[in-house]
Amino acid sequence: MPITWDDAGAGQGAGAGAGVGAAAVAMSGLDKGSMDKMAAETREMVNSARSGGFRVSENAAEPIRKTLAEMQTQVDELRGDLQVRFGVEPQLGSHSYGQNVAKHQQKAAANAPGSAMEVLKQLRQVLADADKALEIAVRKYRENEESASGTFRNGQV
């Protein structure tokens with residue numbers, strides 16, 4: 001039986017702004033393993049929405065989708081800032097050891113698997129996938145509502 005959420009009780013609590021702040025705190029502990037797990041779970045959520053495994057009203061989804069969009073923007077801005085910072089090799093002295101360490105540190109921070117840039121790229125995709133799942137779930141909710149309304153209009157009850 002599919003799970004269906006409507007707008008009853010939606011929007012209560014601290015609000016979307018608090019969710020973004022809490023998410024920023026939560027993001028500080030993300031690594032490649034946790035991002036891989038989140039990505040798999042979000043893909044599962046998209047598949048569930050496609051198959052009708054869950055539906056959600058537009059009113060209930062709207063504040064969540066707004067928060068997801070805000071988080072995507074913040075991740076994009078952070079990635080841009082980090083790209084600029086990682087574009088400059090750290091100053092670790094003029095000796096060969098310091099220069100080698102600086103090159104390694106720059107590469108590890110920007111390009112290596114599990115680097116901050118890679119994790120943020122994965123996070124951006126997770127946020128986009130979660131939004132896609134909600135978009136599909138809203139469409140499924142609408143289709144279900146229209147189908148039920150059509151049944152009543154045609155006197156097929």
Side-chain angles (χ1 to χ4, degrees), residues 2-7 9-142:
I3 300 169
T4 304
W5 285 277
D6 61 18
D7 58 347
Q12 294 182 2
V20 172
V25 171
M27 287 183 346
S28 65
L30 295 180
D31 60 18
K32 182 167 176 26
S34 62
M35 287 309 307
D36 288 344
K37 184 177 178 187
M38 282 176 50
E41 290 172 355
T42 307
R43 283 190 301 272
E44 218 173 282
M45 191 169 82
V46 170
N47 290 335
S48 176
R50 281 190 177 125
S51 69
F54 81 97
R55 297 181 293 261
V56 63
S57 74
E58 196 163 347
N59 289 341
E62 188 266 327
I64 300 167
R65 292 189 72 198
K66 181 180 177 198
T67 300
L68 288 169
E70 289 170 0
M71 290 176 68
Q72 288 175 4
T73 299
Q74 289 178 354
V75 169
D76 290 343
E77 289 171 357
L78 181 57
R79 285 182 67 204
D81 289 347
L82 290 178
Q83 194 166 14
V84 168
R85 292 172 198 254
F86 293 155
V88 177
E89 198 172 283
Q91 299 300 311
L92 299 178
S94 58
H95 49 84
S96 64
Y97 178 75
Q99 290 174 351
N100 286 338
V101 169
K103 285 178 186 174
H104 175 74
Q105 184 177 3
Q106 181 184 23
K107 181 180 176 187
N111 301 322
S115 69
M117 291 297 285
E118 284 297 311
V119 169
L120 288 172
K121 182 179 176 183
Q122 281 184 291
L123 177 60
R124 177 65 165 81
Q125 187 61 51
V126 164
L127 295 169
D129 288 347
D131 184 61
K132 182 69 173 175
L134 287 170
E135 176 187 334
I136 294 167
V138 166
R139 188 175 63 240
K140 294 288 186 178
Y141 184 91
R142 242 187 260 127

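None of these values were measured; they are calculated from a predicted model. Counting begins at 1 with the first residue of the sequence.
- With sequence neighbours left out, the side chain to side chain contact (heavy atoms under 4.5 Å, CB included) criterion links Asn47 to Arg50.
- Here the straight-line distance linking atom CG of Leu134 with atom CD of Glu62 works out to 11.5 Å at 0.5 Å rounding.
- By the side chain to side chain donor-acceptor pair (under 3.5 Å) test, Glu44 pairs with no residue at all, sequence neighbours left out.
- Considering Gln72, Glu77, Arg79 as possible partners of Val75, the one that fulfils the side chain to side chain contact (heavy atoms under 4.5 Å, CB included) test is Arg79.
- A distance of 6.0 Å separates CG of Leu82 from CG of Leu120, quoted to the nearest 0.5 Å.
- Shown here for Ser48 and Ser51, the closest heavy-atom pair between the two residues is O-OG, 3.1 Å.
- Scanning for side chain to side chain contact (heavy atoms under 4.5 Å, CB included) contacts around Met45 gives Phe54, Ala130, Ala133, with sequence neighbours left out.
- Taking the side chain to side chain contact (heavy atoms under 4.5 Å, CB included) definition, one finds that Glu58 meets it with Val138, Arg142, sequence neighbours left out.
- Arg43 meets the side chain to side chain donor-acceptor pair (under 3.5 Å) test with no other residue; sequence neighbours excluded.
- Sorted by first and then second residue, the salt bridge (charged side-chain N to carboxylate O under 4.0 Å, His left out) pairs involving residues 116-134 (not counting sequence neighbours) are Arg65-Asp131, Asp76-Arg124, Lys132-Glu135.
- Counting heavy atoms from C-beta outward, Gln122 and Asp36 have side chains that approach closer than 4.5 Å.
- Enclosure of atom CD in Gln83 is not indicated, since only 12 or fewer non-hydrogen atoms of other residues, nucleotides or ligands lie within 6.0 angstrom.
- For Met38 against Val126, the heavy-atom pair with the smallest separation is CE-CG1, 3.8 Å.
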